[in-house]
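From a predicted model like this one, the values you see are computed outputs, not experimental measurements.
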Amino acid sequence: MISDAVIQALKKFVPEENICLQEPMAGHTTFRIGGPADCFLQPENEEQLIQVQRYLGKVGLPFFVLGNGSNLLVSDAGYRGVIIQVGRKMSAIEVEGCTIKAQAGATLAQVAKAALEHGLTGLEFASGIPGTVGGGVVMNAGAYDGELSQVVARVHVVNSEGEIMELDNETMEFGYRTSAIKNTSLAITEVQFELSEGDKEQIREKMEDYTSRRREKQPLEYPSAGSTFKRPKGFFAGKLIMDAGLRGYQKGGARVSDKHCGFVINTGDATAEDVRNVIREVQERVKEKFHVTLETEVIFLGWEKNG
């Protein structure tokens, strides 16, 4: 538990109404799963985020920076620490020429829509990705042969000492579903995208095509974290899982989607442990049958703190 002294200190940095104790994380992840966080707070601007990061760094309290929770599985026991959500309170978007500056809490869909409205091409692939700019950049989110690394020019981050740094594309060291700041305490505050002029109608048609393909092939009617596994080199995760006979495999309320085997879904009453058990079984069966290791795109939060 977090002491009253720490809570009182946090109230000096963030409005009291933006701080919640024992907040169920099921309401803040696209899996709709997760136990309570000791403390959940929402900074309203970069300065508040800087002060919170600096304070938590000084007192040595564990914290996790959250976006839309679209790639996250939180333990049923919750999180022993502070969740800092950079969300809609920090979601401004500015467009100037072929440059878009977006705060980390803006959704990728919102930025893609802004690009469309200004006739800018390069972000069509991101229009259906359910994450925020910050979370998407950390993971180098992508779809349909597009990745954020292709359009990100600069990234503003805050470190645990409350210092602001600006990282360029090369410094970010983007890789497949990763970046230099993944698994660090750095928090993204703003991202600069560099796009190209395009034809609005062609941009719109491409976005509509991607949307149609997602609806057709992905189990969007169920809570999930999107694609559960990274694509192994030379293979497709979904096909490996299907060929291993795991289509529809279920533990409790968690299930390998019948529609797309690369998705583990919450059928309605899944626990985090259900999901983790399904993921483990999939990994073990695929490894046993095809000698291929499936790595997860999903981030697991809370187990290491709760034993």
Colleague: What verdict does the side chain to side chain contact (heavy atoms under 4.5 Å, CB included) test give for Val275 and Asn266, after you've listed the backbone C-alpha separation in whole Å, the side-chain angles of each residue and the deciding distance to 0.1 Å?
Modeller: CA-CA 8 Å; Val275 173; Asn266 175 4; 5.7 Å; no
Colleague: Should the pair Glu281-Arg285 be classified as a salt bridge under the 4.0 Å nitrogen-to-oxygen rule?
Modeller: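 A salt bridge links Glu281 with Arg285.
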Colleague: Hydrophobic cluster membership, with links at side-chain heavy-atom distances under 4.5 Å among I/L/V/M/F/W/Y: are Val86 and Ile181 in one?
Modeller: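 Per the 4.5 Å side-chain linkage, Val86 and Ile181 are not co-clustered.
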Colleague: Considering only heavy atoms from C-beta outward, does the side chain of Phe236 approach that of Ile241 to under 4.5 Å?
Modeller: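 No; the side chains remain at least 4.5 Å from each other.
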Colleague: What distance do Asp269 atom CG and Asp274 atom CG have between them, rounded to the nearest 0.5 Å?
Modeller: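 With rounding to 0.5 Å, CG (Asp269) is 7.5 Å from CG (Asp274).
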Colleague: Please report the shortest heavy-atom distance between Lys89 and Gln42, naming the atom on each side.
Modeller: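 Here Lys89 and Gln42 meet closest at CE-OE1, 3.7 Å.
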Colleague: May I ask you to decide whether Arg80 forms a salt bridge with Asp38, counting only side-chain N to carboxylate O separations under 4.0 Å?
Modeller: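 Salt bridge present between Arg80 and Asp38.
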Colleague: Just checking, any donor-acceptor pair under 3.5 angstrom between side chains of Ser212 and Asp209?
Modeller: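 Absent: no donor and acceptor within the cut-off.
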Colleague: Looking only at the side chains, is there a donor atom on one of Gln192 and Glu194 sitting less than 3.5 Å from an acceptor on the other?
Modeller: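 Side chains of Gln192 and Glu194: pair found under 3.5 Å.
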Colleague: Before you tell me yes or no, could you show the steps for Cys39 and Ile19 under side chain to side chain contact (heavy atoms under 4.5 Å, CB included), namely the whole-Å CA-CA distance, both residues' side-chain angles and the distance that decides it to 0.1 Å?
Modeller: CA-CA 7 Å; Cys39 180; Ile19 301 175; 3.9 Å; yes
Colleague: Got Leu41 and Asn18 here, is their nearest side-chain heavy-atom distance under 4.5 Å?
Modeller: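 Not touching, per the 4.5 Å side-chain cut-off.
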Colleague: Report the distance from atom CZ of Arg204 to atom NZ of Lys200, rounding to the nearest 0.5 Å.
Modeller: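 So the gap between those two atoms works out to 7.5 Å.
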Colleague: Would you check if His118 and Ile203 make a side-chain contact, meaning some heavy-atom pair closer than 4.5 Å?
Modeller: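 Counting from C-beta outward, His118 and Ile203 never come under 4.5 Å.
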Colleague: Indicate yes or no: does Arg213 engage Glu216 in a salt bridge with an N to O separation below 4.0 Å.
Modeller: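 Between Glu216 and Arg213 there is no salt bridge, as every charged N stays at least 4.0 Å from the carboxylate O atoms.
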Colleague: Among pairs that include at least one residue of residues 5-22, which meet salt bridge (Lys or Arg N to Asp or Glu O under 4.0 Å), considering only residues two or more places apart or in two chains?
Modeller: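 Non-adjacent pairs meeting salt bridge (Lys or Arg N to Asp or Glu O under 4.0 Å): Lys11-Glu16.
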Colleague: Under the 3.5 angstrom rule, does the side chain of Gln48 hit a backbone N or O of Glu44 as a donor-acceptor pair?
Modeller: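 Answer holds: yes.
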Colleague: Verify the neighbour count for atom CD of Glu201: are there more than 12 heavy atoms of other residues, nucleotides or ligands below 6.0 Å?
Modeller: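 More than 12 within 6.0 Å, yes.
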Colleague: Say whether Tyr79 and Met25 are linked into one hydrophobic cluster, either directly or through other cluster members, by side-chain heavy-atom distances under 4.5 angstrom.
Modeller: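 Linked within one cluster.
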Colleague: Does NZ in Lys113 sit with more than 12 non-hydrogen atoms of other residues, nucleotides or ligands closer than 6.0 Å?
Modeller: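 At most 12 heavy atoms, drawn from other residues, nucleotides or ligands, come within 6.0 Å of this atom.
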Colleague: Name all residues meeting the ring-ring contact (aromatic ring centres under 6.0 Å, His included) criterion together with Phe64; count only those two or more places apart in sequence or in a different chain, and write none if there are none.
Modeller: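 Phe64 satisfies ring-ring contact (aromatic ring centres under 6.0 Å, His included) with no other residue.
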Colleague: Evaluate the side-chain proximity of Val14 to Leu10: yes if any heavy-atom separation is below 4.5 Å, no if none is.
Modeller: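 No, their side chains stay 4.5 Å or more apart.
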Colleague: Using the rule side chain to side chain contact (heavy atoms under 4.5 Å, CB included), only one of Val138, Val155, Asn140 pairs with Met172; which is it?
Modeller: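 The side chain to side chain contact (heavy atoms under 4.5 Å, CB included) with Met172 is passed solely by Val155 among Val138, Val155, Asn140.
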Colleague: Go through it in stages, so that I can follow the logic: the residues are Trp303 and Arg276, the test is side chain to side chain contact (heavy atoms under 4.5 Å, CB included), and I'd like the CA-CA distance, side-chain angles, deciding distance and then a yes or no.
Modeller: CA-CA 11 Å; Trp303 280 276; Arg276 191 163 73 152; 3.3 Å; yes
Colleague: Looking at Val286 and Val292, what are the two nearest heavy atoms and their distance?
Modeller: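 For Val286 versus Val292, the nearest heavy atoms are CG1-O, 3.6 Å.
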Colleague: Atom CE of Met139 and atom OH of Tyr176: how far apart are they, to the nearest 0.5 Å?
Modeller: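 So the CE of Met139 and the OH of Tyr176 are separated by 9.5 Å.
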Colleague: When rounded to the nearest 0.5 angstrom, what distance separates CG in Leu167 from CD in Glu173?
Modeller: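 If I round to the nearest 0.5 Å, the distance is 10.0 Å.
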Colleague: What is the minimum heavy-atom distance between Arg32 and Pro223, and which atoms define it?
Modeller: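 That closest heavy-atom pairing would be CG-CB, 4.0 Å.
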Colleague: Shortest non-hydrogen contact from Thr171 to Ala180?
Modeller: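 For Thr171 versus Ala180, the nearest heavy atoms are O-CB, 3.7 Å.
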Colleague: I need the single residue from Val111, Val151, Val191 that forms a side chain to side chain contact (heavy atoms under 4.5 Å, CB included) with Ile100. Which is it?
Modeller: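 When side chain to side chain contact (heavy atoms under 4.5 Å, CB included) is applied between Ile100 and each of Val111, Val151, Val191, only Val111 qualifies.
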Colleague: Would you indicate whether the side-chain heavy atoms of Glu23 and His28 approach each other to under 4.5 Å?
Modeller: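 Answer yes - side chains close enough.
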Colleague: What's the separation between atom NZ in Lys259 and atom CD in Gln218, rounded to the nearest 0.5 Å?
Modeller: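 Result: 8.5 Å between the selected atoms.
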Colleague: Using the rule that two of Ile, Leu, Val, Met, Phe, Trp, Tyr join whenever any of their side-chain heavy atoms come within less than 4.5 Å, decide whether Leu123 and Phe174 are in one cluster.
Modeller: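 Shared cluster, yes.
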Colleague: Among Lys233, Lys230, Lys287, Arg177, which one satisfies salt bridge (Lys or Arg N to Asp or Glu O under 4.0 Å) with Glu295?
Modeller: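 Going through the options one by one, the only one that passes is Lys230.
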Colleague: Should Phe13 and Arg54 count as side-chain neighbours, where that means a heavy-atom distance under 4.5 Å?
Modeller: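 No, every pair of side-chain atoms sits at 4.5 Å or beyond.
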Colleague: Would a 4.5 Å heavy-atom cut-off, applied to side chains only, mark Leu56 and Ser160 as touching?
Modeller: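 When only atoms from C-beta onward are counted, Ser160 and Leu56 do not touch, as no gap falls below 4.5 Å.
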Colleague: Take atom CZ in Arg214; do more than 12 heavy atoms of anything else shown fall under 6.0 Å from it?
Modeller: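 For Arg214, atom CZ is crowded (more than 12 foreign heavy atoms under 6.0 Å).
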Colleague: Taking atom CG of Asp145 as the centre, report whether more than 12 heavy atoms of other residues, nucleotides or ligands fall under 6.0 Å from it.
Modeller: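 Counting other residues, nucleotides and ligands, CG of Asp145 stays at 12 neighbours or fewer.
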Colleague: What's the verdict on side chain to side chain contact (heavy atoms under 4.5 Å, CB included) for Val278 and Arg255, showing C-alpha distance, side-chain angles and the deciding distance?
Modeller: CA-CA 7 Å; Val278 168; Arg255 181 181 179 92; over 6 Å; no
Colleague: Determine whether the side chains of His156 and Glu46 contain a donor N or O and an acceptor N or O closer than 3.5 Å.
Modeller: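 Distance-only check fails for His156 and Glu46.
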Colleague: Is the number of heavy atoms from other residues, nucleotides or ligands under 6.0 Å of Glu288 CD greater than 12?
Modeller: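 Atom CD in Glu288 is not packed in, count stays at 12 or less.
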Colleague: How about CZ on Arg215, more than 12 heavy atoms from neighbouring residues, nucleotides or ligands closer than 6.0 Å, or not?
Modeller: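 Counting neighbours around CZ of Arg215, 12 or fewer heavy atoms of other residues, nucleotides or ligands fall under 6.0 Å, so no.
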Colleague: Under the salt bridge (Lys or Arg N to Asp or Glu O under 4.0 Å) definition, can you give me all pairs with a residue in residues 151-169, not counting sequence neighbours?
Modeller: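 As it turns out, the salt bridge (Lys or Arg N to Asp or Glu O under 4.0 Å) pairs with a partner in residues 151-169, which skip direct neighbours, are Arg154-Glu166.
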Colleague: Between Tyr222 and Val298, is there shared hydrophobic-cluster membership here, with clusters defined by ILVMFWY side-chain heavy atoms closer than 4.5 Å?
Modeller: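 No: no chain of side-chain contacts under 4.5 Å links Tyr222 to Val298.
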Colleague: In the single-linkage hydrophobic clustering (I, L, V, M, F, W, Y; side-chain heavy atoms under 4.5 Å), do Leu73 and Val282 co-cluster?
Modeller: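 Looking at the clustering, Val282 is in the same group as Leu73.
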Colleague: Has the side chain of Thr296 got a donor or acceptor atom that lies under 3.5 Å from a matching backbone atom of Thr228?
Modeller: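 Here the side-chain-to-backbone pair does not exist.
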Colleague: Is it true that atom CD of Gln22 has more than 12 heavy atoms of other residues, nucleotides or ligands lying nearer than 6.0 Å?
Modeller: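 Result for CD/Gln22: enclosed.
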Colleague: So how far is it from Phe229 CZ to Cys261 SG, rounded to the nearest 0.5 Å?
Modeller: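 Answer rounded to 0.5 Å: 10.5 Å.
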Colleague: Taking side chain as C-beta onward, heavy atoms only, is Pro232 less than 4.5 Å from Leu294?
Modeller: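 Yes, at least one pair of side-chain atoms sits under 4.5 Å.
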